[in-house]
Amino acid sequence: MITCSPRLHPTDDLTGRKVRLREIDPADHHTLIRFDREAARVPRTARYQHWAAHRADVAEIDDDIQFAIETLHGRMLVGSMWTVRTDTDAGRFSYGIGIGPQHRRCGYASDAITALLAHMFGERRYRTCEVGIHGRNVASRTLHGGLGFREDSRGRGIVRMSIAAHRFAELHPALAVSRPAHPGRGRHWRQTRGQHRHPQRWR
């Protein structure tokens, strides 16, 4: 069982066409809190708490990681995301994502999600990603449907959608690059990259 995640170095940042995912820095906290204040003025279904997601008094479980979402050009912080409910035995994970209100409808969310899926399926060998979306959040359901997620079930106002690694590979062949086998590696082997850390975890 994997119980800790390696510290991300600059060369380990995950990049898409528009954004990169990097570690949360202390300097990001002010902006994340501001996103929360601005989001309080929009409908509840479009809200989430950036700052609460990255508070420092919670512990990591399994393979959970947190990221700042930063534009490639200008290096502007536009949101944050984190993996949750990672199950290394079942090869399954979920995530949360939020884009600052003033940065929405720019393609940052879809780009960040695609970069994360490529990393989790390709590098970490997960097999399925599952998400739960509020039934009234049509924008999020449309976004995930466009990325290849399929609806699994509905209940108590939540729509559950998922995408398998093989479907992601079919839709994004350029991103789903197979990694060379490593001698003695198991199903959930990962390369040691130096000091390990226990990032804050959202609940």
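What you are looking at is a predicted structure, and each value in this text was computed from that prediction instead of being measured. Nothing fancy with the numbering, it's 1 onward along the sequence.
By the 4.5 Å heavy-atom criterion applied to side chains, Arg150 and Ile163 are not counted as neighbours. Taking 4.5 Å as the limit, some side-chain heavy atom of Met81 sits within range of a side-chain heavy atom of Leu21. Residues Leu147 and Ile113 have side chains in contact (heavy-atom distance under 4.5 Å, counting atoms from C-beta outward). For the pair Arg160 and Ile158, the minimum side-chain heavy-atom distance is below 4.5 Å. Inter-residue side-chain proximity for His144 and Ile133 is flagged as met; some heavy-atom pair is nearer than 4.5 Å. Side-chain contact check for His73 versus Val19: every heavy-atom pair is 4.5 Å or farther apart. Between Phe149 and Arg167 there is no side-chain heavy-atom pair separated by less than 4.5 Å. Residues Arg20 and Arg75 are in side-chain contact: their nearest non-hydrogen atoms beyond the backbone lie under 4.5 Å apart.
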One pair to check against salt bridge (Lys or Arg N to Asp or Glu O under 4.0 Å): Arg92 and Asp87. What are the steps and the verdict? CA-CA 5 Å; Arg92 182 174 57 242; Asp87 186 335; 3.6 Å; yes
Test side-chain contact (heavy atoms from CB on, under 4.5 Å) applied to Glu151 and Val159, step by step: CA-CA 7 Å; Glu151 184 176 321; Val159 177; 3.7 Å; yes
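Contact detail for His103 and Tyr108: the closest heavy-atom pair is O-CD1, 3.4 Å. The minimum heavy-atom distance between Gly98 and Ile69, with the atom names listed, is O-CD1, 4.3 Å.
Under a 3.5 Å cut-off, the side chain of Ser140 and the backbone N or O of Asn137 do not form any donor-acceptor pair. Formation of a donor-acceptor pair under 3.5 Å by the Asp25 side chain with backbone atoms of Ala27 is not found in this model.
Below 30°, between 30° and 60°, or above 60°: for Phe93 and Tyr126 the angle between ring planes is above 60°, a perpendicular geometry.
With 3.5 Å as the limit, one finds a donor-acceptor pair spanning the side chains of Ser94 and Arg85.
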